[in-house]
Amino acid sequence: MSAEERLREERLRKLEDLRRRGIEPYPARCERTHTAQQLHERFANLPPGEETDEHVWVAGRVMGRRVLGKASFWDLRDGTGRIQLLLSQDALGEERYELLLRDVDLGDFLGAYGRVVRTRRGELSVRVEDYRVLAKALRPLPEKWHGLKDQEARYRQRYLDLLVNEPSRKTFETRSRIVRTMRRFLDERGFLEVETPILQPIYGGTAARPFTTYHNELEQTLYLRIAPELYLKRLLIGGFERVYEIGKNFRNEGISTRHNPEFTMLECYQAYADYNDMMELAEQMIYAIAQELGLERLSYQEHTIDLTPPWRRLTLREALLEHTGLDIEALPTHEALWEAVQRKGLFVDEQPTWGKLVDELVSEYVEPRLIQPTFLLDYPREISPLAKAKPTAPHLVERFEPFIGGLELGNAFSELNDPLDQRERFKQQEEQRRRGDEEAHPLDEDFLLALEYGMPPTGGLGIGVDRLVMLFTDARSIRDVILFPALRPKQEPS
RNA sequence: GGGCCCGUAGCUCAACUGGCAGAGCAGCUGGCUUUUAACCAGAAGGUUGGGGGUUCGAGUCCCUCCGGGCCCA
């Protein structure tokens, strides 16, 4: 028997011992009059050594234990904090006291009843007169002092990570606050929260490979959405002027410190707005989150970042001129640009088109250096099939991506609402697909039909929620901000 | 997909140049009625991620597979 199994056997033995003595280790009900936090608030001014007449029931997990013989001190933790239990043979009687010491382990859930006191050393405690075993744990918790450090275990058994690593718990509380603040920000501005299909007959809204599934009854292939964009636009056509959705997108691609196959996205659309309005919306929203968290200036990895609006606006042309010395407007063809890239000895892979080459150069030489909040704007038209062309430069579109700390945090356009132009763009994408581009946008006749009924001029904005949480929690990997990140299955010896 | 690093007791970590696998916490036994990582004493706990190889001898060197981390694509 392994050491692990022996520890489990030991606890099973205790569980049986409890049952033999008529104690159900998994009772259906439990009494609780106060949380730990409520007690700490209510008795904040109780002086050391003082006792109250107040009797309370507390409940929680046993996280620590100091046994001094016929008296002992136990740490009970609930969702709000920690409270000490003071147990003695005097108060419980020999039998009940011995049973507790013998059969209750660290990690078990315990309810305790007694008087609220403060010990001579100043620790608020419950002097226990009665107790209930609430749930027996069969496996030991990770070590109390060092916590759980093993990265793999922290991801695979997140409950243990949350249980013993305070910073991890804080990260996910912060994540929740960020999403809540986003909702409040948009709700206050008249945006309507909606839900659109995750199972889609045609995927679209961005360039990515999808997960494929099948509906048995309909005998139909369906795709998990890579973006909600095309459905949200249908709502603009339907007359809603401001909508947003926060939800999971699914992209069948590699896993990295910045990519999880399912990830959370905010998309919002505002009628009668353009990408300039969406820039303001984005910086205001992220600043509002920063204010909520008290992080208007924050540290991300080795950087100090100031989120105060307005943020820097930088066109791709300016950015590439600055970081590579290439003027893409003076190199308007694929051949000319590639020739210049090679002449300069720039280190990028060859790309099939001018637009993709520009994108590649930006990814390689510009994005990692965008530490302070920056909107990169005016992208090549051919890599942006859902964005409206710039009136002054039809080979470019009104599109931007926000960058902070080198992280790409989103994507936004003045949305293309010309149904004939949209059809042309889809056809160009089909052509790219024929040339082997698996990520080319599929042609969506149902969406084109909707667009032909008329969509108002609209600004759209997508924000990657996970990456935003990374920024605000100083996380190096997206896995640190996703409760249950995607991992390869661990092979169990059979 | 490529390169580098890591995987030792339930948890956190040791183990020199290849030479008896070791400690703390947890658990077990005993002691202790005001502790705060309580303390004191004792005994126990290992397929060193899996498989193969080199060697008198492998946690350590080599090959391979699995998982994780970092960097690159």
Side-chain angles (χ1 to χ4, degrees), chain A residues 1-15 17 48-51 61-77 81-94 97-98 100-108 114-115 117-128 136-161 163-166 253-259 301 347-351 360 363-364 368 406 475-480 485-494:
Chain A
M1 205 190 305
S2 71
E4 190 174 8
E5 284 164 342
R6 270 192 294 276
L7 291 170
R8 186 166 178 273
E9 287 298 321
E10 189 66 41
R11 286 173 178 242
L12 280 172
R13 195 184 55 70
K14 293 174 179 180
L15 183 137
D17 189 53
E50 287 285 307
E51 306 219 348
R61 196 192 279 270
V62 178
M63 296 299 286
R65 206 171 50 166
R66 295 168 293 283
V67 180
L68 285 81
K70 296 188 176 61
S72 53
F73 300 86
W74 298 43
D75 296 328
L76 206 60
R77 196 169 84 199
R82 198 187 73 99
I83 186 76
Q84 178 171 265
L85 304 181
L86 211 160
L87 296 118
S88 67
Q89 204 175 79
D90 290 347
L92 283 168
E94 189 172 342
Y97 182 72
E98 292 293 323
L100 193 72
L101 283 191
R102 193 169 57 242
D103 288 344
V104 177
D105 289 297
L106 292 182
D108 292 357
R115 225 179 264 276
V117 305
R118 194 178 291 278
T119 64
R120 291 202 283 270
R121 298 281 181 93
E123 183 85 24
L124 192 71
S125 308
V126 174
R127 185 189 288 284
V128 177
K136 180 107 193 109
L138 297 183
R139 294 174 187 272
L141 299 181
E143 204 228 8
K144 58 185 171 185
W145 190 242
H146 298 93
L148 184 65
K149 291 195 172 176
D150 184 89
Q151 278 290 356
E152 194 180 344
R154 289 183 53 208
Y155 297 145
R156 287 189 197 279
Q157 294 183 281
R158 181 67 87 183
Y159 45 92
L160 296 179
D161 178 41
L163 205 47
V164 299
N165 296 330
E166 171 78 16
E253 291 166 354
I255 299 176
S256 76
T257 50
R258 292 178 185 192
H259 298 87
Q301 304 298 307
F347 204 73
V348 294
D349 287 341
E350 192 164 5
Q351 298 292 325
E360 184 72 10
S363 301
E364 191 66 30
R476 167 187 282 281
S477 168
I478 199 168
R479 283 179 163 175
D480 294 324
L487 295 175
R488 290 175 194 281
K490 188 171 192 171
Q491 214 171 354
E492 291 296 330
S494 52

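Lettering follows sequence order; numbering is per chain, from 1.
Of the side-chain N and O atoms in A:R6, none sit less than 4.0 angstrom from OP1 or OP2 of B:rA26. A sub-4.0 Å separation between OP1 or OP2 of B:rG68 and a side-chain N or O of A:R488 is present. Remark: A:R66 is not in phosphate contact with B:rC25, judged by side-chain N or O atoms under 4.0 Å from OP1 or OP2.
Judged as a salt bridge (Lys or Arg N to Asp or Glu O under 4.0 Å), the pairs with a partner in residues 150-160 of chain A (not counting sequence neighbours) are, in order, A:E152-A:R156, A:E152-A:K490, A:R154-A:D161, A:R158-A:D161.
For the C1' atoms, the distance from B:rA58 to B:rU17 is 14 Å, rounded to whole Å. Comparing B:rU60 with B:rA14, their C1' atoms are spaced 14 Å from each other, to the whole Å. Rounded to the nearest Å, the gap between the P atom of B:rA73 and that of B:rC6 is 24 Å. B:rG51 sits 13 Å from B:rG59 when the P atoms are compared, rounded to a whole Å. Taking atom P in both B:rG67 and B:rA26, one finds a spacing of 35 Å when rounded to whole Å. Here, B:rC61 and B:rC25 have their P atoms 31 Å apart, quoted to the whole Å. Nucleotides B:rU29 and B:rU48 have their P atoms positioned 29 Å apart, rounded to a whole Å.
A:K70 comes within contact range of at least one nucleobase, with a heavy-atom separation under 4.0 Å. Using a 4.0 Å heavy-atom cutoff across all strands shown, A:D75 reaches no nucleic acid atom at all. Base engagement by A:E123 is indicated by at least one non-hydrogen atom pair under 4.0 Å involving a base atom. Heavy atoms of A:V164 sit nowhere under 4.0 angstrom from any nucleic acid atom. A:G254 comes within contact range of no nucleotide atom at all, as no heavy-atom separation falls under 4.0 Å. Residue A:R102 is out of contact with every strand shown, counting any heavy-atom pair closer than 4.0 Å. Here A:L148 lies in heavy-atom contact (under 4.0 Å) with sugar-phosphate atoms only.
Looking at every heavy atom in both residues, A:Y97 comes nearest to A:S88 through CD1-C, 3.7 Å.
A salt bridge links A:D17 to A:R102: at least one charged side-chain nitrogen sits closer than 4.0 Å to a carboxylate oxygen. A salt bridge is defined here as a Lys NZ or Arg NE, NH1 or NH2 lying under 4.0 Å from an Asp or Glu carboxylate O, and A:D75 with A:R65 fails to meet this definition.
Counting only distance, with no hydrogens or angles, the side chain of A:R118 and the backbone of A:S125 share no donor-acceptor pair below 3.5 Å.
A:R127 contributes a side-chain N or O that forms a donor-acceptor pair with the base of B:rU34 under 3.5 Å.
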